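Read through the structure below, which is laid out as structure tokens, and then see the notes.
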2 protein chains.
Amino acid sequence: MTQTHEALRLLRSQSLSSVVQDEIEQRILSGAIAAGARINENGLASELGVSRGPIREACRGLVEMGLLTVIVNRGFFVREVTRKDAIDVYDVRSSLMRLAGETLAGQISDSQLGTLEKLVADMDLAENENDFENFYALNREFHDRIVDFAENDRLRALCEGLVKELHLYRRRSLLQGGGLNVSNHEHKEIVEALRSHDPTRAGAALERHIQAGKKRFLAAAEIE
Amino acid sequence: MTQTHEALRLLRSQSLSSVVQDEIEQRILSGAIAAGARINENGLASELGVSRGPIREACRGLVEMGLLTVIVNRGFFVREVTRKDAIDVYDVRSSLMRLAGETLAGQISDSQLGTLEKLVADMDLAENENDFENFYALNREFHDRIVDFAENDRLRALCEGLVKELHLYRRRSLLQGGGLNVSNHEHKEIVEALRSHDPTRAGAALERHIQAGKKRFLAAAEIE
DNA sequence: TTATTGTAAATTGTCAACAATTTGCAATAT
DNA sequence: ATATTGCAAATTGTTGACAATTTACAATAA
């Protein structure tokens, strides 16, 4: 009975809509619901054991997040991110990561530098062991931490959204798992720049890094 | 009867939810609904002549846009943008406008330069006549055009959202009407930089311009 | 006076049902 | 064979109703 108790406790702090929204988001990003596919409100409602109300509310939120599009009288569809969209997103993201670097360089603490260094070291290990999955997770945390440390809530929210949007494209192409040949050397450069507390240098290092990622991504997308 | 006909035609291309969403957004940005105020679903529903369903769907969208927040069992509230929030948004916006400048410098056409020059000239006129309202409108179009011309859809959408968010804060303080002492000189510098097709110079000019706006804004907010 | 408790009203969260629209598909015509 | 027409089923858009929760406020106690 602890399960229903848990469920009830959850509903006092979260509405069904937000739980459903997270669930649908998960399914979209994992690829369980394909790009371009329609969200079947009835089907999803009965599968999740809720009515269509929360489903539709969740979908409205996901539309504003850029994960769904809506066509009147036809329904909600998983957004199809074009190559041009992905390029646009990469450019915006590189610009924002540059801001993160510029901001962070002037305020980063030794303990924060330590955290980043640890992540880079772990990535070295993962790289040597060809543990791509772990490398990917560490890489993602590395970027997340940099944004977190910059302490700009809007920046954090936007970066989070951009990464999700890229996933919407990425999962079609190989990417992530494949490692995309991310060089840990760039990460070391970034940490060095941050340690020097030079905003311009740190911003440039991060911008270069994302732009390099964009190039790798485009090269990989070319193949498919 | 042409009115109901119009209304019906509209509903075939737009859902009630999106119409309601625009309406609520308008009320928030105009200040008709105060920051921190709760959205009364029943009240708004009967006032707009719709049921609570579309109202709630619209609110979910506005939450994701950052104009509303939601508290379980308490409802939707107009977001209260703090001074720190505003600073964060300005920093993000200056970074994105820099990207717009960098992008645009390499691809701007003579006709587009002409459009921007015309706007600057009109602003000169409005400035001389102390027509603050017109100056504000022209100033806004100037920035919108620059973003449009950069042809990055994500950038455009994000900038639009950031401007709305700033309005949420600014409308309390004086803002716009007060003119905030925006110097047209900075605009001329921006156009010159774009004409030189130098990405770095154009990006820097725009970043400086928004940062200057941030300073003016903070100084004005200090007074209140 | 100030806190506390209890109850009624207001409000939100969710659901089920109905009307309007779209989709699927067979029957028909070209 | 291809296009067109005409239903029937599926699906979306919207509504009204009901349960759960919060808010407002009067009655009571300290």
Side-chain angles (χ1 to χ4, degrees), chain A residues 1 3-25 27-28 33-34 36-64 67-79, chain B residues 1 3-25 27-28 33-34 36-64 67-79:
Chain A
M1 282 306 112
Q3 195 145 12
T4 58
H5 183 267
E6 264 302 297
L8 283 178
R9 196 186 56 75
L10 192 70
L11 271 193
R12 268 192 257 289
S13 60
Q14 295 212 331
S15 70
L16 261 190
S17 302
S18 65
V19 175
V20 169
Q21 181 167 336
D22 290 345
E23 174 65 27
I24 299 179
E25 178 185 319
R27 293 191 182 198
I28 291 172
I33 308 181
R38 200 190 79 239
I39 302 291
N40 188 323
E41 298 176 13
N42 276 316
L44 207 56
S46 60
E47 184 184 347
L48 299 181
V50 300
S51 72
R52 283 173 55 224
I55 302 274
R56 287 180 60 86
E57 286 186 23
C59 286
R60 290 283 171 196
L62 291 168
V63 166
E64 223 61 41
L67 294 187
L68 294 179
T69 57
V70 55
I71 304 178
V72 188
N73 286 325
R74 303 261 323 270
F76 298 94
F77 297 82
V78 177
R79 171 145 166 258
Chain B
M1 285 306 107
Q3 197 145 9
T4 58
H5 183 268
E6 265 302 298
L8 284 178
R9 196 185 56 76
L10 192 70
L11 270 193
R12 268 191 256 290
S13 59
Q14 294 213 330
S15 71
L16 260 190
S17 303
S18 64
V19 175
V20 169
Q21 181 166 337
D22 289 346
E23 173 65 25
I24 299 179
E25 178 185 318
R27 292 189 183 201
I28 292 172
I33 308 180
R38 201 192 78 239
I39 301 292
N40 187 323
E41 298 175 13
N42 276 316
L44 208 57
S46 60
E47 184 183 347
L48 298 180
V50 301
S51 70
R52 281 174 56 224
I55 301 274
R56 287 180 60 86
E57 286 186 23
C59 286
R60 289 284 170 196
L62 291 168
V63 166
E64 223 60 43
L67 294 187
L68 294 179
T69 56
V70 56
I71 304 178
V72 188
N73 286 325
R74 303 260 324 270
F76 298 94
F77 297 82
V78 178
R79 172 146 166 256

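These numbers were taken from a predicted model, which means no experiment stands behind them. Protein chains get the first letters and strands the later ones, always in sequence-line order, with residue 1 at the start of each.
Residue A/F77 contributes atom CZ, which lies 10 Å from atom C1' of D/dT12 at whole-angstrom precision. Atom P of nucleotide D/dG13 and atom CD1 of A/I71 are separated by 10 Å, given to the nearest angstrom. Regarding A/I55, its CD1 atom lies at a distance of 15 Å from the C1' atom of D/dG13, rounded to whole Å. To the nearest angstrom, P of C/dG13 lies 8 Å from CD of A/E57.
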* Test side chain to side chain contact (heavy atoms under 4.5 Å, CB included) applied to A/R79 and A/T69, step by step -> CA-CA 6 Å; A/R79 171 145 166 258; A/T69 57; 4.1 Å; yes
Under 3.5 Å, N/O pairs linking protein and nucleotides 16-19 of chain C:
none

Sort me out a list of protein N/O and nucleotides 6-11 of chain C N/O pairs below 3.5 Å, or just none if empty.
| residue | atom | partner | partner atom | Å |
| --- | --- | --- | --- | --- |
| C/dT11 | OP1 | B/N40 | ND2 | 3.2 |
| C/dT11 | O3' | B/R38 | NH2 | 3.4 |

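A/I39 contributes atom CD1, which lies 12.0 Å from atom CZ of A/R56 (distance to the nearest 0.5 angstrom). Note: A/E25 CD to A/D22 CG = 6.0 Å, rounded to the nearest 0.5 Å.
The closest side-chain donor-acceptor pair between A/R60 and B/S15 falls under 3.5 angstrom.
The side chain of B/F76 sits closest to C/dG13 out of C/dT14, C/dG13, D/dT14. Nearest to the side-chain atoms of B/R56 among the listed nucleotides D/dT12, C/dT12, D/dT15 stands C/dT12.
Looking at B/S46, its side chain does come within 3.5 Å of a backbone N or O of B/N42 through a donor-acceptor pair.
Across every non-hydrogen atom of B/E57 and B/S17, the tightest pair is OE1-OG, 2.9 Å. Residue B/A58 comes nearest to B/I24 through the heavy atom pair CB-CD1, 4.4 Å, listed as atom of the first residue, atom of the second, then distance. The two atoms that bring B/G36 and B/F77 nearest to each other are O-CD2, 3.7 Å, heavy atoms only.
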